[in-house]
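Protein chains get the first letters and strands the later ones, always in sequence-line order, with residue 1 at the start of each.
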Amino acid sequence: MNIILKDGSTRTLNQGATGLDLATAISKSLLKDALVMRVDGALLDLTHPLHDGAQVEIITRSHPAALDVIRHDVAHLLAEAAKELYGDDLQITIGPAIDNGFYYDFARKTPFTPEDLEKLEKRMAEIVDRDEPITREVWDRDNAVAFFKSIGEHYKAEIINDLPAGEPISLYRQGNFIDLCRGPHAPSTKKVGKAFKLLKLAGAYWRGDSKNAMLQRVYGTAWADDTQLKDYLFKLEEAEKRDHRKLGKEMDLFHMQEEAAGSVFWHPKGWTIYQTLKKYMRQKLEKAEYVEVNTPELVDRKLWEASGHWEKFGQNMFTVQAEEGRTLAIKPMNCPCHVQIFKQGSKSYRDLPLRMGEFGSCHRNEPSGAMHGLMRVRRFVQDDAHIFCTEDQITSETKSFCSLLLGIYKDFGFNDVIVKFSDRPEVRAGTDAVWDKAEESLKKAVGEAGLAYTLNPGEGAFYGPKLEFVLRDAIGRDWQCGTLQVDFVLPERLDASYIAEDGQKHRPVMLHRAIFGSIERFIGVLIEHYAGRFPLWLAPVQTVITTVTGDADAYAQQVFEKLKNAGIRTEMDLRNEKISYKIREHSLAKVPYIIVLGKQEAENGTVVLRMLGRQDQLTLSLGEGIDRLQKEAQSPGHE
RNA sequence: GCCGCCGUGGCUCAGUGGUAGAGCACACCCUUGGUAAGGGUGAGGUCGAGGGUUCGAUUCUCUCCGGCGGCACCA
């Protein structure tokens, strides 16, 4: 029979030949590196028989498609090792490949310990050395269920029972270990290699449902070779160094404490960043013709009942008992209040689109386990705004919002932005007809804005579909920050209207939108993105003036006053310490410019600018120095 | 909220069934030194909170609170 290879050439093989036979026929080195193969577009085991006319690509370990196979293989190594070590007390469940690695969920009464991870890892390496052949078998469904039940693997039996009828039940065997699995897998455990590492233990619900039993999940990473593994582990270390919780403490930006779990105590330096960002955003919004408002934080539950929040999200709202049994809720979002402002006086179509922004303080009672530094808090401020517009204006408003957002992200060096489109969730307000309309308008608008998007089914807000804007930071991690949500429901529920050209009352559409998302979270992202080394315009302390000896103190005082008057955020360090000591300290504090002054500078009226992390320095006249700093300290897009 | 781990001076961490240590930071003194740690002395902790076991608990145990890693959640 004839096999067509990737380069278009053909090979003639005997009837019934497998991928292994093909690889053997091509070259020894290919056979050595081959893991699986792609036949007519589908990944298969190399042991799978080929058919005449098949298009075949052998996937070697360096192939991009190999990583998932390797990770899946390693998950099986882990399961085999776990069965061998803890078999009496342990059931296997599922173990897929994920980004950068894999996990395996086990049901076991005894909790795993970190020492268990070491033991498991060792055993996995032994299994690789054993070079156990990995073979595929197709079983009859009932036999498979009975088999897994007989060996005490009830989770596996349940999975098989739930597989759609007609789906072949394939089992993979390696050594004494047998697992239900779709495959494909490498031909033997030796081929999987040892570029893996077990990383952490965690709990995870069976089938991802919090009503189900809690399983023990073991996470690991796996790669094609040791270099890739090392690179990844290095990257993890890098990410840890950038952790905003660690840097926030080191740089004295903010702190949290248990008396206010989930809320931030902003220190002067952190608050400077916060205010700078807010000021920057205000400028941008003003230019984009938004108006800014401010609304109450305590609002009667009646309004939340009317808006639908009480029913859908009441559990996450903090409430306060006011006099006479009146219940107030601390606002979890600003939209109902904005509708109240919109409703004051009568609105004409001429008033639309009305873009209403607020840096409103919101509280949400997040579950205790959800909190995470600045990234997930109970009290935060959004750069929130609601655009009241007509249906016809959805497209143009979405387009201009997208361009505003992309421009702003660019100012922070976020040039990679992914857009996700989330459509109707199961729990929702509004009729299907309204949802059809909302989803359709939003899709059209994104298309016209020229943005590609991926679909995020069922993830929309309860009142409407949404766009989520995900940015990629300096070390390649994704953060969801911006959002735009189309809402036909809230104006209806809260009875907002405007008078259209026909003289009749019409419902406006609301677009809920944010660019930073929560300012708290955005600062967290920025700290990690910049690794604490903020650009000058954001740096809480822009320069520190420090002297070589006390002789220059008087001159330093002059420079300090001038810089302050020029609006530069400056600190002075006249301590009786060696200059290298002071430079080290301020460098570690990530101050962008250290200004070193000594006798020479005092005599010549100059300043020496030392940029963070650089050895070379700039000697300028005081005037030039101030000009330079002032220019660089302006926020992007400043006029 | 769920599973596991953790909670010791301002910070990072060690340690023990007989009420505690290190480094850095801090204070004072000496040192006036030109680009990433000069030296000395000193002060500082009811060992997360509350019960229990014990002659005695920071240490063992339970409950609670908070943090960390995930899961679930995320308007």
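Atoms CG and OG1, on A:Leu574 and A:Thr547 in that order, are 5.0 Å from each other to the nearest 0.5 Å. Taking OH of A:Tyr104 as the reference point, atom CG of A:Leu120 lies at 13.0 Å (rounded to 0.5 Å).
Pairing partner, B:A37: none, since no Watson-Crick or wobble contact has both distances short of 3.5 Å. B:U63 is paired with B:A49 under the Watson-Crick or G-U wobble criterion, all donor-acceptor distances under 3.5 Å. Both distances falling under 3.5 Å, in either a Watson-Crick or a G-U wobble arrangement, occur for no nucleotide opposite B:G9. Judged by Watson-Crick or G-U wobble contacts below 3.5 Å, the nucleotide B:G42 has B:C26 as its partner. When Watson-Crick and G-U wobble pairs are counted only if both distances are under 3.5 Å, B:U32 pairs with no nucleotide at all. Figure legend. B:C71 is base-paired to B:G1; pairs are counted as Watson-Crick or G-U wobble with both atom distances under 3.5 Å.
B:C47 sits 23 Å from B:G4 when the C1' atoms are compared, rounded to a whole Å. Here the separation of B:A20 from B:A37, taken at their C1' atoms, is 28 Å to the nearest Å. To the nearest whole angstrom, the two C1' atoms, one in B:G48 and one in B:G67, are 10 Å apart. For the P atoms, the distance linking B:C6 with B:U61 amounts to 11 Å, nearest Å. Taking atom P on both nucleotides, B:G51 is separated from B:A57 by 12 Å, rounded to a whole Å. Atom name P, nucleotides B:C26 and B:G17: the rounded distance is 35 Å, in whole Å. Here the separation of B:U19 from B:U58, taken at their C1' atoms, is 8 Å to the nearest Å. For the C1' atoms, the distance from B:C71 to B:G52 is 33 Å, rounded to whole Å.
At whole-Å resolution of the value, CZ in A:Arg378 and P in B:C73 are 18 Å apart. Rounded to whole Å, the distance from CG on A:Leu201 to P on B:C6 is 12 Å. Following rounding to the nearest Å, A:Met317 (CE) and B:C74 (C1') show an atom-to-atom distance of 15 Å. For the pair A:Leu199 CG and B:C68 P, the computed distance is 19 Å after rounding to whole Å. B:G7 atom C1' lies 11 Å from atom NZ of A:Lys249, rounded to whole Å. Rounding to whole angstrom units, CZ of residue A:Arg584 and P of B:C24 are separated by 11 Å. In this structure, the NE2 atom of A:His512 is 12 Å from the P atom of B:A75, given to the nearest Å. Rounding to whole angstrom units, CZ of residue A:Arg379 and C1' of B:A75 are separated by 18 Å.
Nucleic acid contact class of A:Lys246 (heavy atoms, under 4.0 Å, all strands): none. A:Asp209 comes within 4.0 angstrom of no nucleic acid atom, judged by non-hydrogen atoms across all strands. Looking at heavy-atom distances under 4.0 Å, A:Tyr103 makes no contact with the nucleic acid at all. Residue contacts for A:Ser580: at a heavy-atom cut-off of 4.0 Å it reaches the sugar-phosphate backbone alone, with no base atom in range.
Of all nucleotides listed (B:A36, B:A75, B:G70), B:A75 comes nearest to the side chain of A:His309. In this structure, of B:U35, B:A75, B:C71, it is B:A75 that holds the atom nearest to the side chain of A:Gln485. If you check B:G34, B:C71, B:C26 against the side chain of A:Ala204, the one that comes closest is B:C71. Among B:C26, B:G70, B:G34, the nucleotide with an atom closest to any side-chain atom of A:Ala202 is B:G70. If you check B:C71, B:G38, B:U35 against the side chain of A:Glu577, the one that comes closest is B:G38. The nucleotide whose nearest atom lies closest to any side-chain atom of A:Lys578 is, among B:A75, B:G33, B:C26, B:G33.
Among all heavy-atom pairs drawn from A:Met251 and A:Lys269, the shortest one is O-CD, 3.7 Å.
Of the residues in residues 591-604 of chain A, A:Val596, A:Gly598, A:Lys599, A:Gln600, A:Glu601 come within less than 4.0 Å of RNA chain B through at least one heavy atom, sorted by number.
Place A:Gln615 and A:Glu585 on RNA chain B by their nearest nucleotides, and A:Glu585 ends up nearer the 5' end. Both A:Ala261 and A:Pro367 sit near RNA chain B, but only A:Pro367 has its closest nucleotide nearer the 5' end.
The closest side-chain donor-acceptor pair between A:Glu601 and A:Tyr555, if any, does not fall under 3.5 angstrom. Between the side chains of A:Thr295 and A:Glu358, a donor-acceptor pair is found at a separation under 3.5 Å. A donor atom on one side chain and an acceptor atom on the other are not found under 3.5 Å apart for A:Tyr155 and A:Asp105.
A donor-acceptor pair is defined here as one N or O able to donate and one able to accept, closer than 3.5 Å; no such pair exists between the side chain of A:Arg376 and the backbone of A:Gly369.
When each of A:Lys241, A:Lys246, A:Arg245 is checked for a salt bridge (Lys or Arg N to Asp or Glu O under 4.0 Å) with A:Asp243, only A:Arg245 meets the rule. Considering A:His338, A:His386, A:Gln382 in turn, A:His386 is the only one that fulfils the side chain to side chain donor-acceptor pair (under 3.5 Å) rule with A:His512.
Between the side chain of A:Tyr205 and the base of B:G1 there is at least one donor-acceptor pair of N/O atoms closer than 3.5 Å. Judged by distance alone, with hydrogens and angles left aside, A:Arg376 brings a side-chain donor or acceptor within reach of the base of B:C73, the pair sitting under 3.5 Å.
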Q | Test log, rule side chain to side chain contact (heavy atoms under 4.5 Å, CB included), inputs A:Ile98 and A:Tyr219 | A | CA-CA 10 Å; A:Ile98 53 173; A:Tyr219 279 96; 3.8 Å; yes
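For the OP1/OP2 pair of B:G69 and a distance below 4.0 Å, the side-chain nitrogens and oxygens of A:His372 include at least one atom meeting the criterion.
Residue A:Phe313 and nucleotide B:A75 are classified as a stacked aromatic pair, their ring centres being separated by less than 5.5 Å at an interplanar angle below 30°.
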